[in-house]
Amino acid sequence: MSERAAPPGRLTLVHDLVNTVDLATGADALDTPEGRAPFGIAEDTVDDARELRESLRATLLAHAGHPAHRPVVPLGELLARAPLVVTVDPADGSAALAPVDEGPLLSRVAAAVAEAVTAGTWQRLKACESPACHWAYYDRSPAGRGRWCSMQVCGARAKMRRYRAKQG
């Protein structure tokens, strides 16, 4: 739904995973092999991927100052299960957290979150405040107070509802 630019670094993985379901229509990309392929999700791990996706969505809603959309396993509990390792670049000595194995989605998401926390970008990944949307977006606004995935769609609808409520 969003016309916004992709988030920096590995946050794209989190952004894209959260946006695999259209809440308005119920269409879920994880229902198809083609939709799972970009994330390396096997059919027998779809339920785990959905649990992770919804925990991420709840966290992104919190980043935007909103309550969770439904009860979920706290993201910290899920990420605590992710096997990560500290890697050190021999060329410059820089260190980073990386998945022990590039396969598990949970480990790749945990590494992406760790990278974003270190870079100071994690709090800028948010979920649209519109209950019919909750699409993930990266807030590039100067003050970091963006509220909608798209000002032209969700923002315009919210403003119109507010206007109509004042009129009636």
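Closest approach of R53 to L17, counting heavy atoms only: CD-O, 3.3 Å. The shortest non-hydrogen separation linking A58 to V72 is CB-CG2, 3.7 Å. For the residue pair A95 and V86, the shortest heavy atom distance occurs at CB-CG1, 4.2 Å. Taking all atoms of both residues into account, the shortest heavy-atom contact from S107 to A82 is CA-CB, 3.8 Å. Here the closest heavy-atom approach between residue A136 and residue N19 is recorded as N-OD1, 2.7 Å.
When the shell of 6.0 Å around CG of D92 is examined, it contains more than 12 heavy atoms from other residues, nucleotides or ligands.
Salt-bridge check for D48 with R81: failed, with every basic side-chain N at 4.0 Å or more from each acidic carboxylate O.
Atom CG of L79 and atom OG1 of T59 lie 8.0 Å apart (nearest 0.5 Å). Rounding to the nearest 0.5 angstrom, the gap separating the CD atom in E43 from the CG atom in L30 is 11.5 Å. The CG atom of L97 sits 7.5 Å away from the OG1 atom of T87 when rounded to the nearest 0.5 Å. The CD atom of E51 lies 10.5 Å from the CG atom of L56; values are rounded to the nearest 0.5 Å. L105 contributes atom CG, which lies 5.5 Å from atom CG of L52 (distance to the nearest 0.5 angstrom). The structure places CG of L61 at 9.0 Å from SG of C128, a figure rounded to the nearest 0.5 Å.
Residue pairs meeting the ring pair (Phe, Tyr, Trp, His ring centres under 6.0 Å) criterion with at least one member in residues 21-51, sequence neighbours excluded, do not occur. Pairs passing the ring pair (Phe, Tyr, Trp, His ring centres under 6.0 Å) check and including a residue from residues 83-126, sequence neighbours excluded, read H63-W122. Listed by first and then second residue, the salt bridge (Lys or Arg N to Asp or Glu O under 4.0 Å) pairs that reach into residues 103-127 are R10-E115, K126-D139, sequence neighbours excluded.
Hydrophobic clustering (ILVMFWY, side-chain heavy atoms < 4.5 Å, transitive): L60 and Y138 are in one cluster. In terms of hydrophobic clustering, with Ile, Leu, Val, Met, Phe, Trp and Tyr side chains grouped at heavy-atom distances under 4.5 Å, L75 and L84 are assigned to different clusters.
Listed by chain and number, the hydrophobic cluster partners of V21 are L23, where partners are ILVMFWY side chains within reach of under 4.5 Å, directly or through others. Other cluster members for V85: V100, joined by side-chain heavy-atom distances under 4.5 Å among Ile, Leu, Val, Met, Phe, Trp and Tyr.
At distances below 3.5 Å, at least one donor-acceptor pair connects side-chain atoms of S55 with backbone N or O atoms of V73. In this structure, the side chain of R57 does not engage the main chain of H69 through any donor-acceptor pair within 3.5 Å.
Proximity of L125 to V18: side-chain heavy atoms (C-beta onward) are nowhere separated by under 4.5 Å. Side-chain atoms of P8 and R140, non-hydrogen and from C-beta on, do get closer than 4.5 Å to each other.
Evaluation of the salt bridge (charged side-chain N to carboxylate O under 4.0 Å, His left out) rule for R36 yields no partner, not counting sequence neighbours.
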